[in-house]
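First up is the structure itself, then whatever we jot down about it.
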Amino acid sequence: MCGRFTLTVSADDLKDAVGLEIVPSEYQPRYNIAPTQPVAVVRSFPPKELEMMRWGLVPSWAKDPSIGNRLINARAETLTEKPAFRSAFAKRRCLILMDGFFEWKRGEGKGARSQPYWFTPGDGKVAAFAGLYELWFHKEDEPLVSCTIITTEANDVVRPVHDRMPVILPRERWSDWLEGSSPDQLLALLRPANLSLEAVPVSPAVNSPAVDRPELIQPIAGL
DNA sequence: CCAGACGTTGTT
DNA sequence: GTCTGG
DNA sequence: CCAGACGTTGTT
DNA sequence: GTCTGG
């Protein structure tokens with residue numbers, strides 16, 4: 001995990017939530033955000049800014065941006081060792097904005113379907129994954145800017161569904177993550193979420209990355 | 001030395 | 001760019 | 001994460 | 001089965 005999430009608020013509400021402007025024409029509410037798609041990100045510099053980035057990290061040394069299709073998550077446990085993430089962890093940390101994420105509980109036996117769940121902080125507010133970003137300079141003037149979501153072990157709410165989850169930073173830790181400098185203090189932030197999460201069983205319609213509508217986060221009966 | 005990878009997930 | 005493997 | 005493709009040649 | 005694309 002995490003391979004799918006939501007950010008369903010309006011551009012105005014997003015601005016109110018984080019205190020930063022976003023280009024309205026680039027943003028729209030989403031109920032099924034998949035890898036390779038644009039996601040709303042706060043990065044600390046230069047300067048602190050809210051912008052849309054491609055989900056899937058493309059390191060500066062990449063010959064081809066397709067490597068980003070695979071670097072959608074970074075394990076917190078090995079962040080400092082992996083060549084693909086080391087420099088981003090040191091210098092290019094970000095907040096990936098969301099208001100819920102999906103995890104799939106695998107069915108027993110072969111051929112069994114996985115049941116998707118939507119996990120949400122449930123207070124209607126914008127929350128944030130801990131992330132890393134990179135700039136990839138090709139031949140155009142503007143670099144391709146991309147990001148990855150940091151994962152850790154599941155907390156008590158998520159564990160029945162899955163053993164990993166994205167790192168969710170409480171609001172009072174946002175600036176610590178963006179502006180921190182000591183690697184030890186930064187790593188200490190990458191813990192399973194302590195905040196309350198609501199687990200909502202949802203329709204397998206979310207399985208298709210092409211489907212994006214409000215019904216995807218409605219509870220389904222019988223579970 | 002050069003070449004080639006650089007990642008996570010889940011499944012067996 | 002930097003590390004690992006041959 | 002899941003869904004869907006998995007290929008080349010030559011022609012428009 | 002495995003890779004690519006969204």
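Order of the sequence lines sets the chain letters (A, B, ...), proteins ahead of strands, with each chain counted from 1.
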With respect to the phosphate group of [N], does any side-chain polar atom (N or O) of [X] fall under 4.0 Å of OP1 or OP2?
X	N	value
A:Asn207	D:dA3	yes
A:Ser60	C:dT2	no
A:Asn73	B:dG7	no
A:Arg4	D:dC2	no
A:Thr151	B:dT9	yes
A:Arg70	E:dC3	no

Tell me what [X] touches on the nucleic acid: a base, only sugar-phosphate, or nothing, going by heavy atoms under 4.0 Å.
X	result
A:Ile72	base
A:Ala84	sugar-phosphate
A:Asp163	sugar-phosphate
A:Phe5	nothing

Exercise. Under 5.5 Å between ring centres and under 30° between planes: true for A:Phe102 and the base of D:dC1?
Worked result: no

For this session: Please report the C-alpha distance between A:Thr36 and A:Arg54 in whole Å, then the side-chain angles of each, then the deciding distance to 0.1 Å, and finally whether the side chain to side chain contact (heavy atoms under 4.5 Å, CB included) criterion is met.
Result: CA-CA 6 Å; A:Thr36 74; A:Arg54 174 192 165 114; 4.2 Å; yes

Exercise. Quick check, are the ring centers of A:Phe5 and A:Trp55 under 6.0 angstrom apart?
Worked result: yes

Nucleotide [N], atom [atom2] - distance to [atom1] of [X] in whole Å:
X	N	atom1	atom2	value
A:Leu132	B:dT8	CG	C1'	14 Å
A:Ile67	B:dG4	CD1	P	16 Å
A:Ile217	D:dC1	CD1	C1'	18 Å
A:Leu135	C:dG1	CG	P	14 Å
A:Phe89	B:dG7	CZ	C1'	17 Å
A:Asp64	B:dC6	CG	C1'	14 Å
A:Lys63	B:dA3	NZ	P	11 Å
A:Arg54	E:dG5	CZ	C1'	9 Å

With respect to the side chain of [X], which nucleotide from [options] is positioned closest?
X	options	answer
A:Arg86	E:dG6, C:dC3, B:dG7	C:dC3
A:Asn69	D:dC1, B:dC6, E:dG5	E:dG5
A:Pro35	D:dC1, E:dG5, B:dG7	D:dC1
A:Arg164	E:dG6, B:dC6, B:dT9	B:dT9

I'd like the [atom1] distance from [M] over to [N], given in whole Å.
N	M	atom1	value
D:dG4	B:dG4	C1'	29 Å
B:dC6	E:dC3	P	12 Å
B:dT8	D:dC2	C1'	15 Å
E:dT2	D:dT9	P	26 Å

So, [X] side chain and [Y] main chain: donor-acceptor pair closer than 3.5 Å or not?
X	Y	answer
A:Thr148	A:Leu71	yes
A:Arg4	A:Val206	yes
A:Thr6	A:Thr8	no

Problem set entry | Nucleotide forming a Watson-Crick or wobble pair with D:dC2, both distances under 3.5 Å | E:dG5

Problem set entry | For D:dG7, the Watson-Crick or wobble counterpart (both distances under 3.5 Å) | none

Exercise. Pick from A:Ile22, A:Val23, A:Val41: which one makes a side chain to side chain contact (heavy atoms under 4.5 Å, CB included) with A:Leu50?
Worked result: A:Ile22

Exercise. Should the pair A:Phe102 and A:Trp118 be assigned to parallel (<30°), tilted (30 to 60°) or perpendicular (>60°) ring geometry?
Worked result: tilted

